[in-house]
Colleague: 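Handing you a structure now.
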Number of protein chains: 2
Amino acid sequence: METNISQSRQQQQCIDKLLNAHGVNLTRQRRVIADTLFARDQHVTADKLFEAVNNNGAKVSKATVYNTLGLFVRKGLVREIFIDATRTFYDSNTSRHHHFYNVDTGDLIDMKERLAPHFIDQDLPDGTAMDMVDLVIRVKNKAP
Amino acid sequence: METNISQSRQQQQCIDKLLNAHGVNLTRQRRVIADTLFARDQHVTADKLFEAVNNNGAKVSKATVYNTLGLFVRKGLVREIFIDATRTFYDSNTSRHHHFYNVDTGDLIDMKERLAPHFIDQDLPDGTAMDMVDLVIRVKNKAP
DNA sequence: CTGCTGTTTAGAATAGTTATAAAATTGATT
DNA sequence: AATCAATTTTATAACTATTCTAAACAGCAG
Ligand SMILES: [Mn+2]
Ligand SMILES: [Mn+2]
Ligand SMILES: [Zn+2]
Ligand SMILES: [Zn+2]
């Protein structure tokens with residue numbers, strides 16, 4: 001997780017617009033968290049994000065990282081992924097896509113769209129509507 | 001989660017065979033846990049299984065329920081499902097199938113096989129082989 | 001019976017996360 | 001600028017599902 005010490009003013013405005021568009025009030029902490037999180041498509045735990053944010057010279061508490069991730073999830077800015085019981089991953093890419101998870105290495109990587117099967121919004125349980133499709137293909141390392 | 005006070009001798013032998021076939025040594029606790037768990041296809045948490053087991057007149061500690069579920073997972077007798085960060089579900093049905101999860105009610109139900117798309121064992125990340133496909137369709141209650 | 005191995009158990013410890021409540025910041029209003 | 005209310009941040013405590021520990025127990029072979 002590399003750092004970028006100073007965010008360009010242009011990119012900063014972009015982040016502000018993004019947060020505003022999703023109804024998130026602007027604060028110093030939310031900006032630096034968003035900067036770090038949305039610098040690229042990534043799958044990150046709260047703890048890793050906490051480290052990354054504070055490696056950029058910022059000073060943000062762990063509680064705020066948790067609060068902000070929760071807020072971003074509610075506002076649709078990030079997606080939660082439950083891969084195992086011990087930690088929650090946050091995906092900075094909210095576009096419809098699926099994942100490969102390597103059970104040996106713990107790597108979680110995006111699936112190319114063409115691979116993802118499409119699902120039809122029908123034959124769902126009575127009285128329900130589609131919320132989201134959650135597909136993880138667990139892979140293991142080939143024996144050499 | 002209904003009880004069946006006395007297991008028929010025939011069904012008991014069946015459970016014993018199942019455990020033996022998977023290399024699980026027989027004990028009183030493992031038998032009653034397996035009886036309860038495999039009575040039907042179900043998705044159950046460790047805590048719910050603990051309650052169910054001890055409602056059948058048995059006396060099994062929570063530690064043993066956790067230990068045994070972990071053992072059964074390693075031996076391929078049950079399947080873990082990670083639906084949210086707060087608890088792990090155990091699926092007594094290990095056949096290849098997928099799930100609907102109602103985010104409003106918490107219901108976790110099996111998908112009919114015909115609905116499940118098929119996945120091709122190709123285009124996986126380099127050096128990996130398919131382990132398992134994990135598909136959960138999250139649904140929400142329709143507004144009335 | 002004695003020892004050996006594997007199993008169960010109560011309770012302590014762990015770890016990710018959430019709740020609490022006080023201090024700080026923000027933004028609007030005089 | 002000073003005031004005030006609302007929102008946000010923070011340190012820390014609390015919570016909870018799960019795992020660990022270490023002692024008791026059970027089954028079996030010699
Ligand atoms: Mn948790
Ligand atoms: Mn946990
Ligand atoms: Zn992703
Ligand atoms: Zn199932």
Side-chain angles (χ1 to χ4, degrees), chain A residues 12 15-16 19-20 22-37 43-54 56-75 77-91 106 108, chain B residues 12 15-16 19-20 22-37 43-54 56-75 77-91 106 108:
Chain A
Q12 186 55 71
I15 287 285
D16 287 5
L19 296 184
N20 273 322
H22 286 258
V24 173
N25 294 340
L26 296 177
T27 69
R28 180 183 61 80
Q29 290 86 345
R30 286 171 185 178
R31 269 196 270 241
V32 65
I33 288 173
D35 281 350
T36 309
L37 187 54
H43 311 108
V44 73
T45 60
D47 199 65
K48 279 297 177 60
L49 182 58
F50 170 71
E51 287 174 20
V53 159
N54 288 317
N56 286 16
K59 171 71 183 5
V60 181
S61 75
K62 186 166 281 193
T64 296
V65 172
Y66 274 102
N67 287 343
T68 303
L69 281 171
L71 177 68
F72 285 4
V73 168
R74 285 195 307 280
K75 299 297 190 177
L77 279 161
V78 297
R79 171 175 164 192
E80 278 176 307
I81 303 179
F82 305 112
I83 238 52
D84 76 65
T86 65
R87 61 245 171 90
T88 300
F89 282 95
Y90 295 88
D91 193 338
L108 179 63
Chain B
Q12 187 56 72
I15 288 285
D16 286 5
L19 297 184
N20 272 322
H22 285 258
V24 173
N25 293 341
L26 296 177
T27 69
R28 178 182 63 80
Q29 290 88 343
R30 287 170 184 179
R31 268 196 271 241
V32 66
I33 288 173
D35 282 348
T36 308
L37 187 55
H43 312 110
V44 74
T45 60
D47 198 65
K48 279 297 178 57
L49 182 58
F50 170 71
E51 288 174 18
V53 158
N54 287 317
N56 286 16
K59 172 71 185 2
V60 181
S61 75
K62 186 164 281 193
T64 297
V65 172
Y66 273 101
N67 286 343
T68 302
L69 281 171
L71 177 68
F72 284 4
V73 168
R74 285 195 307 282
K75 298 298 188 177
L77 279 161
V78 297
R79 171 175 163 190
E80 279 176 306
I81 303 179
F82 305 112
I83 237 54
D84 76 65
T86 65
R87 61 247 173 89
T88 300
F89 282 95
Y90 294 89
D91 193 338
L108 179 64

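Residue numbers begin at 1 in each chain, while the letters A, B, ... track the order of the sequences.
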Colleague: Atom CG of D47(A) to atom P of dT14(C): distance rounded to whole Å?
Modeller: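 It works out to 17 Å between those atoms.
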Colleague: Check whether any side-chain nitrogen or oxygen of T27(B) sits under 4.0 Å from OP1 or OP2 of dT8(C), and answer yes or no.
Modeller: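 Result: yes.
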Colleague: Can you tell me how far P of dT9(C) sits from CZ of F50(B), to the nearest Å?
Modeller: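 After rounding, the gap between these two atoms is 9 Å.
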Colleague: Is it true that a side-chain atom of T64(A) and a backbone atom of V60(A) form a donor plus acceptor pair closer than 3.5 Å?
Modeller: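 No; zero donor-acceptor contacts below 3.5 Å.
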Colleague: Is the phosphate of dT17(C), meaning OP1 or OP2, less than 4.0 Å from a side-chain N or O of Y66(A)?
Modeller: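 Checking Y66(A) against dT17(C): at least one side-chain N or O falls below 4.0 Å of OP1 or OP2.
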Colleague: Once you round it to whole Å, what is the distance between C1' of dT8(D) and CD1 of I33(A)?
Modeller: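 Between C1' of dT8(D) and CD1 of I33(A): 11 Å.
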Colleague: Whole angstroms only, please: what is the CG-P distance between L26(A) and dA6(D)?
Modeller: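 In whole Å, dA6(D) P lies 21 Å from L26(A) CG.
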Colleague: Distance check needed: dT8(C) P versus N54(B) CG, whole Å only.
Modeller: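 N54(B) atom CG is separated from dT8(C) atom P by 13 Å.
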Colleague: Does a side-chain N or O of Q29(B) approach OP1 or OP2 of dT9(C) to a distance below 4.0 Å, or not?
Modeller: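 Q29(B) to dT9(C) OP1/OP2: side-chain N or O found under 4.0 Å.
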Colleague: Look at the side-chain N and O atoms of R30(A) and state whether any lies under 4.0 Å from the OP1 or OP2 oxygen of dT9(D).
Modeller: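 Yes, because at least one side-chain N or O of R30(A) sits under 4.0 Å from OP1 or OP2 of dT9(D).
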Colleague: Please check the phosphate of dA11(D) (OP1 and OP2 only) for any side-chain N or O of K59(A) closer than 4.0 Å.
Modeller: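 Answer yes for this pair, as a side-chain N or O of K59(A) is under 4.0 Å from OP1 or OP2.
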Colleague: If you compare every side-chain N and O of T86(B) against the phosphate oxygens of dA17(D) (OP1, OP2), does one of them come in below 4.0 Å?
Modeller: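 Result: no.
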Colleague: Quick one: do D47(A) and K62(A) make a salt bridge, cutoff under 4.0 Å?
Modeller: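 The answer is yes: the pair qualifies as a salt bridge.
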Colleague: Let me spell it out: for each of K62(A) and N25(B), pick the nucleotide of DNA chain C with the closest heavy atom. Which residue's pick is nearer the 5' end?
Modeller: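 The answer here is N25(B).
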Colleague: Specify the separation, in whole Å, of atom CZ of R87(A) and atom C1' of dA17(D).
Modeller: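 Result: 16 Å.
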Colleague: Is it the case that the side chain of H22(B) and the backbone of K75(B) share a donor-acceptor pair, with hydrogens and angles ignored and the cut-off at 3.5 Å?
Modeller: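 Yes; at least one donor-acceptor contact below 3.5 Å.
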Colleague: Take the protein atom CG of N67(B) and the nucleotide atom P of dC20(D), then report the distance between them rounded to whole Å.
Modeller: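 In whole Å, dC20(D) P lies 10 Å from N67(B) CG.
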Colleague: Using a 4.0 Å heavy-atom cut-off, does T88(A) contact any base of the nucleic acid, only the sugar-phosphate backbone, or nothing at all?
Modeller: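 If one applies the 4.0 Å heavy-atom cut-off, T88(A) turns out to touch the sugar-phosphate alone, with no base involved.
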Colleague: Using a cut-off of strictly less than 4.0 Å, decide whether S61(A) has a side-chain nitrogen or oxygen near OP1 or OP2 of dT10(D).
Modeller: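 Looking at the OP1 and OP2 atoms of dT10(D), one of them is under 4.0 Å from a side-chain N or O of S61(A).
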Colleague: What integer distance in Å separates L69(B):CG from dT19(D):C1'?
Modeller: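 That distance rounds to 13 Å.
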Colleague: Check whether any side-chain N or O of R30(A) sits under 3.5 Å from a backbone N or O of N25(A) as a donor-acceptor pair, and report yes or no.
Modeller: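 Confirmed, R30(A) side chain pairs with N25(A) backbone.
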Colleague: Between N56(B) and A58(B) (side chain of the first, backbone of the second, donor and acceptor by atom type, cut-off under 3.5 Å), is there such a pair?
Modeller: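 Here the side-chain-to-backbone pair does not exist.
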